[in-house]
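Okay, structure first, notes after.
Only this structure's heavy atoms are used, side chains among them; waters, hydrogens and symmetry mates stay out.
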Amino acid sequence: MTMWTAVLVAAILCVTLKGVGYLVPARWFDAPAPSRITDLLTVALLSALVVVQALGLGQSIVVDARVPALLVAGGLLAMRAPFLVVVVAAAAVAAGLRAMGWAA
């Protein structure tokens, strides 16, 4: 199977899955439990993506300047800082640590 075949199959599967999602009756998600699960599932998937991008390097785990920058961003978000301030502060922390020699 070539790479393009795999990409096309994955794209078709994604579109099909999205289409099937429209066939699910809305009343199934009106109950408190399914509504809460769908809300938390989104947060869990986004959190997993952030962790993989921050700590992953191929098949290994790397702790470098991204980790303290992510902690600063999380703290600022918890304090309800504006998003632009969060991004600039996290970038400054990562840049400062890399300038001091702590980089991967």
Can you hop from [X] to [Y] via hydrophobic side chains spaced under 4.5 Å?
X	Y	value
Val87	Leu77	no
Val50	Val62	no
Val88	Phe83	no

[X] and [Y]: which non-hydrogen atoms are nearest, and at how many Å?
X	Y	answer
Ala89	Leu76	CB-CD1, 3.4 Å
Arg66	Gln53	NH1-O, 3.0 Å
Trp102	Ala65	O-CB, 3.5 Å

Quick one: CG on Asp64 to CG on Leu55, what's the gap to the nearest 0.5 Å?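 The CG atom of Leu55 is 8.5 Å from CG of Asp64, to the nearest 0.5 Å.
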Which residues end up grouped with Leu45 if you chain together Ile, Leu, Val, Met, Phe, Trp and Tyr wherever their side-chain heavy atoms are less than 4.5 Å apart?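 So far as hydrophobic clustering goes, Leu45 is joined with Leu41.
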Report, as yes or no, whether the 6.0 Å neighbourhood of atom CD1 on Ile61 holds more than 12 heavy atoms from other residues, nucleotides or ligands.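 Result for CD1/Ile61: open.
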Please tabulate, for the side chains in residues 16-40, all donor-acceptor contacts under 3.5 angstrom to protein atoms that are two or more places apart in sequence or on a different chain.
from  : atom 1 : to    : atom 2 : distance (Å)
Thr16 : OG1    : Ile12 : O      : 2.7
Thr38 : OG1    : Pro34 : O      : 3.2
Thr38 : OG1    : Ser35 : O      : 2.8

Partner set under side-chain contact (heavy atoms from CB on, under 4.5 Å) for Ala54, not counting sequence neighbours: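 So Ala54 forms a side-chain contact (heavy atoms from CB on, under 4.5 Å) with Leu70.
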